[in-house]
Amino acid sequence: MKYLILFLVVTAGLILYLNRSYAHIFSFLNANNPGTPTTHMSIVIPAPSPTSSSRLKYVALGDSLTAGAGAATEAESYPYRLAKLLAEKRGAEVILENLGQPGATTINVLNQQVPLVAALHPDIVTLLIGVNDLHNQMPSDLFKKNLTAIVDGLSSSTKHLNIITIPYLGNSSAFMPPYQTYYDLQTKRYNDLLREALSGKKVSFIDLYSLTREQAFDDAGYYSPDGFHPSAETYNFWSKLLYDHLNY
């Protein structure tokens with residue numbers, strides 16, 4: 001009988017811990033909400049030389065990571081910084097259209113962002129999506145179906161579609177064990193689904209997960225105060241990685 005009581009006490013304690021550590025994620029995020037600076041207006045970044053006639057348009061699709069949550073200003077978001085690098089290194093005027101929306105899933109990108117792209121006539125498109133699908137436990141088949149539809153919808157709009165894998169996000173301040181490990185495994189799984197869905201499509205993959213995972217786990221300065229979204233310094237780091245692997 002005493003072993004049964006001990007088992008019940010341990011089980012109850014484990015359930016309570018899992019419940020509270022899961023709730024801690026959302027209470028931490030809500031208490032430290034960093035806001036989102038994106039204004040969704042066309043931003044023109046001039047060429048380094050005033051005599052340059054070269055210009056290109058960059059359209060960024062995605063969720064709060066693309067919108068720049070965690071940064072204080074839009075100029076600290078990775079699309080802006082990437083556009084600035086393109087201007088500096090390609091000697092071109094760059095027009096940035098950042099369509100990223102906080103909370104967006106693949107369904108939102110498909111229904112709300114993709115229809116806007118054709119009229120923008122982009123030279124380069126980046127897509128970073130999946131974090132909210134993961135957290136909402138989007139069924140695998142639906143996730144893949146949405147991704148396929150997104151890429152099919154963009155195929156006639158640009159020759160340079162860059163798909164960015166879901167990065168690992170969530171340090172120990174917000175994600176207590178075992179959820180830090182659980183979401184890491186889920187991130188890997190959804191990235192595998194992303195690659196499966198788009199296998200054979202005319203897209204380029206940028207493996208942001210592999211490029212940043214070590215820093216995401218170990219660097220305290222990697223995150224904004226909410227412990228989830230990247231800091232301005234990390235968005236700058238991302239932009240350099242993305243530029244180095246960009247298909248254009």
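Numbering of residues begins at 1 and proceeds along the displayed sequence.
- Residues Tyr190 and Arg195 bring no donor and acceptor atom of their side chains to less than 3.5 Å of each other.
- In this structure, the side chains of Thr234 and Thr212 stay at 4.5 Å or more apart for every pair of heavy atoms.
- In summary, of the residues considered (Thr187, Asp184, Thr165), a side-chain hydrogen bond (donor to acceptor under 3.5 Å, both in side chains) with Tyr209 occurs for Asp184 alone.
- Contact detail for Ala83 and Leu96: the closest heavy-atom pair is CB-CB, 4.2 Å.
- Contact record, Ile164 with Leu194: O-CD1, 4.5 Å, taken as the closest heavy-atom pair.
- Within a 6.0 Å radius of NZ in Lys145, other residues, nucleotides and ligands contribute 12 heavy atoms or fewer.
- At a cut-off of 3.5 Å, with distance as the only test, a side-chain donor of Asp133 or Thr106 sits close to an acceptor on the other residue.
- Following chains of ILVMFWY side-chain contacts shorter than 4.5 Å, one cannot reach Val44 starting from Leu56, and the two form parts of different hydrophobic clusters.
- Residues Leu85 and Arg90 fail the side-chain proximity criterion, which asks for heavy atoms closer than 4.5 Å.
- In this structure, Tyr78 and Pro230 have side chains that are not in contact, with every pair of non-hydrogen atoms separated by 4.5 Å or more.
- Partners of Tyr248 under the ring pair (Phe, Tyr, Trp, His ring centres under 6.0 Å) rule, at least two apart in sequence or in another chain, are His160.
- Judged purely by distance below 3.5 Å, without hydrogens or angles, the side chains of Asn108 and Thr105 pair a donor atom with an acceptor atom.
- Between Ser140 and Leu193, the shortest heavy-atom distance links the atoms OG-CD1, 3.6 Å.
- Shortest non-hydrogen contact noted between Gly91 and Ser52 is O-OG, 2.7 Å.
- Applying the side chain to side chain contact (heavy atoms under 4.5 Å, CB included) criterion to Ala75, with sequence neighbours excluded, gives Thr73, Tyr80.
- For the residue pair Thr51/Ser49, the side-chain donor-acceptor check at 3.5 Å is satisfied.
- Using a 3.5 Å distance cut-off with no hydrogens or angles, the side chains of Asn132 and His135 do not pair a donor with an acceptor.
- Contact check for Leu154 versus Val203: no side-chain heavy atoms found under the 4.5 Å cut-off.
- Note that CG of Asn247 is 5.5 Å distant from CG of Asn162, once rounded to the nearest 0.5 Å.
- The closest donor-acceptor contact from the side chain of Ser239 to the backbone of Asn236 lies under 3.5 Å.
- Residues forming a side chain to side chain contact (heavy atoms under 4.5 Å, CB included) with Lys57 (at least two apart in sequence, or on another chain): Val59, Ile95, Glu97, Leu120, Asp123.
- Here the options are Leu128, Thr66, Asn98, Val117, the test is side chain to side chain contact (heavy atoms under 4.5 Å, CB included), and the partner is Leu61; only Val117 passes.
- Leu161 places a side-chain heavy atom less than 4.5 Å from the side chain of Ile163.
- No side-chain heavy atom of Tyr235 sits under 4.5 Å from any side-chain heavy atom of Leu82.
- Using modelled atom types, no side-chain atom of Asn136 and backbone atom of Met138 make a donor-acceptor pair closer than 3.5 Å.
- Taking each heavy atom of Phe143 and Gly130 in turn, the nearest pair found is CE1-CA, 4.0 Å.
- Closest heavy-atom contact between Pro37 and Ala72: CB-O, 3.9 Å.
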